[in-house]
Number of protein chains: 2
Amino acid sequence: MSNGKITVRRVAELAGVSPATVSRVSRGSTHVDPVLRERVLRVIEEHGYKPSHFGRALAERRHGALGLVFPGLSGPYFAELIQGFEVQALETGDSVLVLASHSRDDTDATVIDLAGRVDGMAIHGGTVSDAALEKLCGMVRVVVMAGDTGPAHASVRVDNSSMRGLTRHLLVDHGYRRLAFVGNPDGSTDVTVRWEAFLAAHKTARRKPPKEPVRVGLQQSDGVIAAKQLLDGDEPPEAVVCANDETALGVMIGAMGRGLKVPDDIAITGFDDMPMASLVNPDLTTVRQPVRELATTTARLLADRSPDPAGAVLLPTEIVLRGSCGCRDGGGG
Amino acid sequence: MSNGKITVRRVAELAGVSPATVSRVSRGSTHVDPVLRERVLRVIEEHGYKPSHFGRALAERRHGALGLVFPGLSGPYFAELIQGFEVQALETGDSVLVLASHSRDDTDATVIDLAGRVDGMAIHGGTVSDAALEKLCGMVRVVVMAGDTGPAHASVRVDNSSMRGLTRHLLVDHGYRRLAFVGNPDGSTDVTVRWEAFLAAHKTARRKPPKEPVRVGLQQSDGVIAAKQLLDGDEPPEAVVCANDETALGVMIGAMGRGLKVPDDIAITGFDDMPMASLVNPDLTTVRQPVRELATTTARLLADRSPDPAGAVLLPTEIVLRGSCGCRDGGGG
DNA sequence: TACGTTCTAGAAACCGGTTTCCGGACCATA
DNA sequence: TATGGTCCGGAAACCGGTTTCTAGAACGTA
């Protein structure tokens, strides 16, 4: 009925009490005479009074909202991330403001603006410039996820070093010679670290350094593009190490489309262990990372109003050996 | 420096003017003496004054934010949707609050709460109950996207009836007998309409009604699950019509994993025309729908402060015939 | 009966901008 | 010089809750 336009003072008037009492009742806090409380509650019920977020936010000096900044979302990874973050935020009664716009240059200004309407911000690695990040830390509580750790902000990330063990597995256990890396190390912190771990594994195994990575995005379609580049050229690799499962699936689709057999003709690995990984044939060797936990931990850190400013959480990952690398040949079919 | 804690009155004090003048300068609106303006601007610059969204929202009686309610996001469709929506919202200076939580029962309450902090809400079809929707319409401007059209709210949707032409193509042009439908008609309005178009095409072609749909979700992994169900049973279909590209890809992966050839052994079609559709081998016959336009149109309708309350926008779609249905046999490789 | 304690409820200030209203200054014209 | 119009800037009210402060009532105790 009444367009949500009813205010404390109006309710107070209707119930014959003061605004203060209405506020007390609506917050359910301090002791109020049962008779008055009842009267106020009836008016609230009758007129559908909802306290305005404006006024409340202004008075409480808190927005009741968290910001979430992405590099442009796509794929199951970000879906899981946003969903986990949101569920956790709802838990504490916070709303979620997302910023997934892509253009890097105006993003800084947009991000700063966003900081003005939230109590805390979760920022995905590689999304904002260092200058902007520093400014943000001065404005609101900031948690960087899947990015660099720093002194001014807290961070939550996963242990990407499992990529080292996975690479070692391909080099040593399977004895593959030529490995290719698919993913852009300059694109995100995660990929940077995975690429470095890939390099390190080569060094440890005393192999000559691999070729330059195939610098593509993280979507399935990027995997198909990478496959074209890798498989149609001279000297295709024996194994393709992908920055995530999405691109690995894309590479696999590209390989199969060319009549190649996985893993006999070419081995492929991913990173994430998303649902599809265990459903393809052969099923995908990958690294399991706790994406949802990454999101919920971040949200929890932001909602937590404790004084400590920073801290670095590192979530464990686990290598999952399946058919696509050559283990259990023949796959799951 | 100053934790964003600086207020109009403080700036006014420092610049030796009244808060009113500061407000005027910061909004850049009415005529102010250049000398005073300059003085105020310098103080603003020096102390990094940013007007609080609280106060502004309260005074202007507008949040400067739009809500976006999803059934739980995943896949390129929702990624595109949220991104398009956000870009358009930023255009008008609005922030975006997303609600992607899945549990239907508490969602109603959450959605109502969300309505209290935004100026308008975009609601994806099949996300909230009719009762909640009605209540929302009384609170804020509402646009339903990809859902039912109604008298109280505006709506933007795509022309799903192309599914009818696509089905006809399979039945008549290719002469396939047994068609299977993958997707849950009770899951979303889009799928409902596509399923009905699928049925209608059978009736028009005077074929006997198809079997019950394979009721799975809209993700790639759901397609793999559907493939298992369809292909491992007796009497597999000659063609599989999927509710979207994601599941179609999943079915295709499942089919290939079983050694089947597409389209010779089994034809497959999708809906969306996402990037992957043209990259697989054979490339995917599908229906192109303008997802980004769906999002931007919705956001534009919400930002538009014109008085007309409702309206129904129907965006055109286009059948895209490629290799996976049997046209251009041999595919793109 | 008088005094002190406790508890409740209303008045008023406050959160931080915006905007209306009004007085004063400046300029032009009679 | 007097008067009318225009423009500018400050005081104050307002947006809608919350919270502190205080007055008064009720109750218990000396």
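Just so we're clear, the structure is a prediction, and the values are computed from it rather than from any experiment. Lettering of chains follows the sequences in order, A, B, ..., and the numbering in each one begins at 1.
By the salt bridge (charged side-chain N to carboxylate O under 4.0 Å, His left out) test, Arg27(B) pairs with Glu60(B), sequence neighbours left out. The ring pair (Phe, Tyr, Trp, His ring centres under 6.0 Å) test applied to Tyr77(A) returns His124(A), not counting sequence neighbours. A search for salt bridge (charged side-chain N to carboxylate O under 4.0 Å, His left out) contacts involving Asp186(A) returns Arg215(A), not counting sequence neighbours. The side-chain hydrogen bond (donor to acceptor under 3.5 Å, both in side chains) search around Ser26(B) returns none, not counting sequence neighbours. Residues satisfying the side-chain hydrogen bond (donor to acceptor under 3.5 Å, both in side chains) criterion with Gln289(B), sequence neighbours excluded, are Asp272(B). With sequence neighbours excluded, the residues forming a side-chain hydrogen bond (donor to acceptor under 3.5 Å, both in side chains) with Asp159(A) are Ser161(A), listed by chain and number. Listed by chain and residue number, nothing satisfies the salt bridge (charged side-chain N to carboxylate O under 4.0 Å, His left out) test with Arg61(B) (two or more places apart in sequence, or in another chain). Listed by chain and number, the residues in a side-chain hydrogen bond (donor to acceptor under 3.5 Å, both in side chains) with Asn160(A) are Asp190(A), Arg194(A) (sequence neighbours excluded).
For the OP1/OP2 pair of dT18(C) and a distance below 4.0 Å, the side-chain nitrogens and oxygens of Arg27(B) include at least one atom meeting the criterion.
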Look for any protein N or O under 3.5 Å of an N or O in nucleotides 13-16 of chain D and output each such pair with its distance, or none.
unit_1, atom_1, unit_2, atom_2, d
dG16(D), N7, Arg9(A), NH2, 3.1
dG16(D), N2, Gly55(A), O, 3.4

When you compare the protein's N or O atoms with those of nucleotides 8-11 of chain C, which come within less than 3.5 Å of each other, and at what distance?
unit_1, atom_1, unit_2, atom_2, d
dA9(C), OP1, Asp33(A), N, 3.4
dA9(C), OP2, Asp33(A), N, 3.1
dG10(C), OP2, Ser18(A), N, 3.0
dG10(C), OP2, Ser18(A), OG, 3.2
dG10(C), OP2, Thr21(A), OG1, 2.8
dG10(C), N7, Arg24(A), NH2, 2.9
dG10(C), O6, Arg24(A), NH2, 3.4

Produce the list of close N/O pairs, under 3.5 Å, pairing protein atoms with atoms of nucleotides 22-27 of chain C; give distances to one decimal.
none

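Between the C1' atom of dG17(C) and the CZ atom of Arg10(B) lies a distance of 17 Å, rounded to the nearest Å. Counting to the nearest Å, the P atom of dC7(C) and the CZ atom of Arg37(A) are 16 Å from each other.
Between Arg117(B) and Leu97(B), the closest heavy-atom pair is O-CD1, 3.9 Å. Of all heavy-atom pairs spanning Leu114(A) and Gly67(A), the tightest one is CD2-CA, 4.4 Å.
Taking CD1 from Ile82(B) and CZ from Phe70(A), the interatomic distance works out to 8.0 Å, rounded to the nearest 0.5 Å.
Other residues, nucleotides and ligands contribute over 12 non-hydrogen atoms within 6.0 Å of the CD atom of Glu46(B).
Each end of the helix from dT1(C)-dA30(D) to dA30(C)-dT1(D) gets its own axis, taken as the rotation carrying the C1' atoms of four end pairs onto the next four within a five-pair window, and the two axes meet at 60° to the nearest 10 degrees.
Counting heavy atoms from C-beta outward, Val32(B) and Val40(B) have side chains that stay 4.5 Å or more apart.
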